[in-house]
Amino acid sequence: MNPAPGQTISVLIVEDEPLIAQAHEEYVGRIPGFAVVGVAGTAQAALRIVAGRAADGDPVDVVLLDIGLPDASGIELASALSGQRPEPDVIAITSERDLSVVRSAVAHGVLLYLLKPFTFAAFRDKLERYREYREALPAGTDAAGQAEVDRAMAVLRGSDDKAAAPAGASAHTTEQIARQVRDSEAGLTAGEVAAAAGVSRVTAWRYLERLADDRVLDRTTEYGRAGRPQVRYTWPVRGPGSRTQ
């Protein structure tokens with residue numbers, strides 16, 4: 001059953017990297033009207049939490065789902081969740097860019113798809129859009145007509161361009177700069193990013209700082225060289241020996 005307008009929406013985070021799961025939990029905590037009710041690192045743990053809360057009469061409303069899990073794919077978990085009653089909605093949060101995976105996710109009931117790396121603004125936009133969608137299509141009632149259904153679906157289809165980057169920033173440039181750092185083994189300075197991305201050093205620095213503030217990137221200050229200390233931006237290590245996903 002959908003929460004009534006103004007009610008807190010319960011969120012289950014399914015993410016096998018503890019630091020990323022913690023970051024998602026902190027993000028949810030910054031958005032009024034949402035509350036994390038569980039964190040699972042595997043598909044099996046997620047199913048247990050969803051089933052247990054449903055049995056207790058306090059079901060999970062929405063699952064923030066990583067596609068790459070250690071015991072099953074997120075697509076398989078999304079399919080399994082569709083058999084739960086009541087069925088939770090699913091928002092995929094992943095670095096998986098293969099369009100066949102995106103299509104499969106949608107086919108298995110994923111409502112929204114958020115690519116890593118992302119800003120807090122993009123994360124908040126997805127959850128707020130999801131809340132508007134639920135409020136537009138409350139459970140247990142009939143749609144007044146086609147226009148009401150179309151309005152609810154339009155909420156999910158809306159453009160992400162403004163939310164994908166902070167005010168005054170370009171979503172395309174944000175992604176381009178994040179990719180430059182992701183693809184560098186040793187990380188990059190603002191000057192190195194500027195040269196690679198074809199932007200000014202000040203512009204590169206501004207975007208890098210925003211990404212670091214949103215915990216998309218790590219930053220460290222390097223000392224011991226001639227001149228002023230410089231900041232190096234690196235892609236966070238997601239697991240043993242891994243730099244992606």
Side-chain angles (χ1 to χ4, degrees), residues 13-24 26-27 30 64-69 73-75 91-106 110 112-127 129 157-222 230-245:
I13 295 171
V14 183
E15 168 62 62
D16 64 322
E17 293 290 348
L19 289 178
I20 299 176
Q22 181 181 358
H24 292 172
E26 291 174 359
Y27 272 8
R30 293 167 60 182
L64 304 186
L65 176 62
D66 182 25
I67 296 297
L69 297 171
S73 76
I75 303 299
I91 299 175
I93 300 182
T94 176
S95 55
E96 179 57 69
R97 285 167 162 76
D98 188 325
L99 291 180
S100 65
V101 175
V102 177
R103 288 194 296 270
S104 182
V106 172
V110 172
L112 294 165
Y113 201 97
L114 180 59
L115 281 175
K116 303 172 186 176
F118 52 83
T119 64
F120 170 68
F123 183 93
R124 180 181 58 203
D125 176 74
K126 292 294 186 187
L127 265 64
R129 187 181 302 177
R157 294 195 301 266
S159 172
D160 286 324
D161 288 345
K162 287 182 68 175
S170 159
H172 172 75
T173 305
T174 299
E175 183 172 338
Q176 180 187 22
I177 286 177
R179 188 185 301 115
Q180 293 288 344
V181 177
R182 182 197 66 190
D183 294 342
S184 171
E185 286 296 324
L188 297 170
T189 64
E192 291 167 338
V193 169
V199 298
S200 71
R201 185 187 180 284
V202 171
T203 296
W205 173 80
R206 187 173 71 246
Y207 279 85
L208 288 165
E209 283 295 299
R210 284 169 171 167
L211 287 165
D213 287 343
D214 281 316
R215 299 188 178 182
V216 175
L217 303 178
D218 290 337
R219 59 186 159 202
T220 55
T221 303
E222 297 179 341
Q230 63 179 355
V231 176
R232 183 167 295 275
Y233 301 87
T234 56
W235 192 258
V237 176
R238 306 303 189 190
S242 171
R243 292 180 58 81
T244 61
Q245 301 194 25

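Here the OG1-CD distance, from Thr220 to Gln230, works out to 9.5 Å after rounding to the nearest 0.5 Å. Leu208 contributes atom CG, which lies 10.0 Å from atom CD of Gln180 (distance to the nearest 0.5 angstrom). If you take CZ on Arg129 and CG on Leu112, they are separated by 6.5 Å, rounding to the nearest 0.5 Å. Note that CG of Leu188 is 12.5 Å distant from CZ of Arg182, once rounded to the nearest 0.5 Å.
Considering only residues two or more places apart in sequence or on other chains, Thr203 meets the side chain to side chain contact (heavy atoms under 4.5 Å, CB included) condition with Val199, Ser200, Arg206, Tyr207. Checked against side-chain hydrogen bond (donor to acceptor under 3.5 Å, both in side chains), Arg124 has no partners two or more places apart in sequence or in another chain.
Pairing each heavy atom of Thr234 with each of Gly187, the nearest pair is CG2-CA, 3.6 Å. Among all heavy-atom pairs drawn from Gly74 and Leu65, the shortest one is O-CD2, 3.2 Å. Minimum interatomic distance between Ala190 and Ala204 (heavy atoms only, all atoms of both residues): O-CB, 3.5 Å. Shortest non-hydrogen contact noted between Ala92 and Ile67 is CB-CD1, 4.2 Å.
Contact annotation: the side chain of Gln22 never approaches that of Ile13 to less than 4.5 Å [non-hydrogen atoms, C-beta and beyond]. Phe123 is listed as a side-chain neighbour of Leu64, based on a closest heavy-atom distance under 4.5 Å. Taking 4.5 Å as the limit, some side-chain heavy atom of Trp235 sits within range of a side-chain heavy atom of Leu217. When side chains are defined from C-beta on, Val231 does not count as touching Trp205, because their heavy atoms never get closer than 4.5 Å.
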task = Kindly indicate, with the supporting measurements, whether the criterion side chain to side chain contact (heavy atoms under 4.5 Å, CB included) is fulfilled by Arg232 and Glu192.
result = CA-CA 10 Å; Arg232 183 167 295 275; Glu192 291 167 338; 3.5 Å; yes

message = For a side chain to side chain contact (heavy atoms under 4.5 Å, CB included) check, start with the C-alpha distance between Asp213 and Arg219, then their side-chain angles and the critical distance, and finish with the verdict.
response = CA-CA 9 Å; Asp213 287 343; Arg219 59 186 159 202; 2.8 Å; yes

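The only option from Asp66, Ile93, Leu69, Thr94 that meets the side-chain contact (heavy atoms from CB on, under 4.5 Å) definition with Glu15 turns out to be Asp66.
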